[in-house]
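Okay, structure first, notes after.
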Amino acid sequence: MKKILAGLFMTGAIAFASAQTISFDKTTFDYGTVKAGADGHRFFTVKNTGDKPLIISEVKPSCGCTTPEWSKDPILPGKTAQIKVGYNTGIKGAFNKLIEVYSNDPANNRSVLYIKGTVEDVAGAGTAASQNANLTVAPVAVATAKAQPAPEQVAKKTAKKAAAKK
């Protein structure tokens with residue numbers, strides 16, 4: 001019985017040791033400072049350092065401002081593929097987003113990638129302050145109106161006046 005258990009354990013250890021393994025050229029991509037509306041696409045390189053095909057099943061961004069693209073084809077042992085990540089550079093200010101990568105790597109089926117940077121406004125183009133600085137205010141004519149009584153009230157007053165004259 002001990003030999004059977006030892007044999008199963010060794011078979012499991014060998015099977016686990018010979019598997020697909022995911023690795024990345026980098027796990028954080030720093031955009032630095034980019035202009036609003038600039039190309040927000042960057043690439044992460046994925047490598048299969050194992051000896052079985054690696055399959056990336058899903059790539060999930062943390063929000064809708066980040067869009068990933070990847071191949072559903074298996075990455076063969078020793079080969080690489082790319083994950084294209086797009087950030088919406090129309091959103092101004094600092095950003096730090098995570099992207100979850102799910103694969104069939106038994107030791108690391110969920111990997112996390114990060115993108116970060118700052119999107120700055122294009123100088124003098126389209127800011128509310130620069131648009132408001134060029135506005136002129138035209139004088140506004142104010143009309144005044146005297147409140148008018150409702151038609152039935154006018155009819156009652158007229159009837160009372162006519163009755164009083166009689």
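Computed over heavy atoms, backbone and side chain alike; hydrogens, waters and symmetry mates excluded.
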Spatial distance of atom NZ (Lys84) from atom CZ (Phe43) [nearest 0.5 Å]: 5.0 Å

By side chain to side chain donor-acceptor pair (under 3.5 Å) - contacts of Ser111 (at least two apart): Asn108

Minimal non-hydrogen separation, Pro77 against Gly50, with atom names: CB-O, 3.2 Å

Side-chain heavy-atom pair Val46, Ile56 within 4.5 angstrom cut-off: yes

Heavy-atom donor-acceptor pair, Thr89 side chain to Ala38 backbone, under 3.5 Å: yes

Min side-chain heavy-atom separation Thr118-Val34 under 4.5 Å: no

Ser57 side chain vs Tyr102 backbone, donor-acceptor pair below 3.5 Å: yes

Side-chain touch Val101/Val112, heavy atoms, less than 4.5 angstrom: no

Sequence neighbours excluded, every pair satisfying side-chain hydrogen bond (donor to acceptor under 3.5 Å, both in side chains) that has a member inside residues 22-37: Lys35-Glu120

Spacing of CG belonging to Asp73 relative to NZ belonging to Lys79, to within rounding of 0.5 Å: 14.0 Å

Spacing of CG belonging to Leu98 relative to NZ belonging to Lys116, to within rounding of 0.5 Å: 13.5 Å

Asn48 side chain vs Ile22 backbone, donor-acceptor pair below 3.5 Å: no

Ring center gap for Tyr114 and Phe29 short of 6.0 angstrom: no

Value rounded to 0.5 Å, distance of CG in Asp105 from CD in Gln20: 6.5 Å

Atom pair CD1 (Ile99) and CZ (Phe44), whose distance is rounded to the nearest 0.5 Å: 5.5 Å

Taking every non-hydrogen atom, the tightest pair across His41 and Asp39: ND1-OD1, 2.8 Å

Step-by-step side-chain contact (heavy atoms from CB on, under 4.5 Å) determination, Lys52 to Leu54: CA-CA 6 Å; Lys52 291 185 180 175; Leu54 175 71; over 6 Å; no

Spatial distance of atom NZ (Lys97) from atom CD1 (Ile115) [nearest 0.5 Å]: 8.0 Å

Note, Cys65 side chain near Phe95 side chain (heavy atom, < 4.5 Å): no

Nearest non-hydrogen partners of Val122 and Ala36, listed with the distance: CG2-O, 3.6 Å

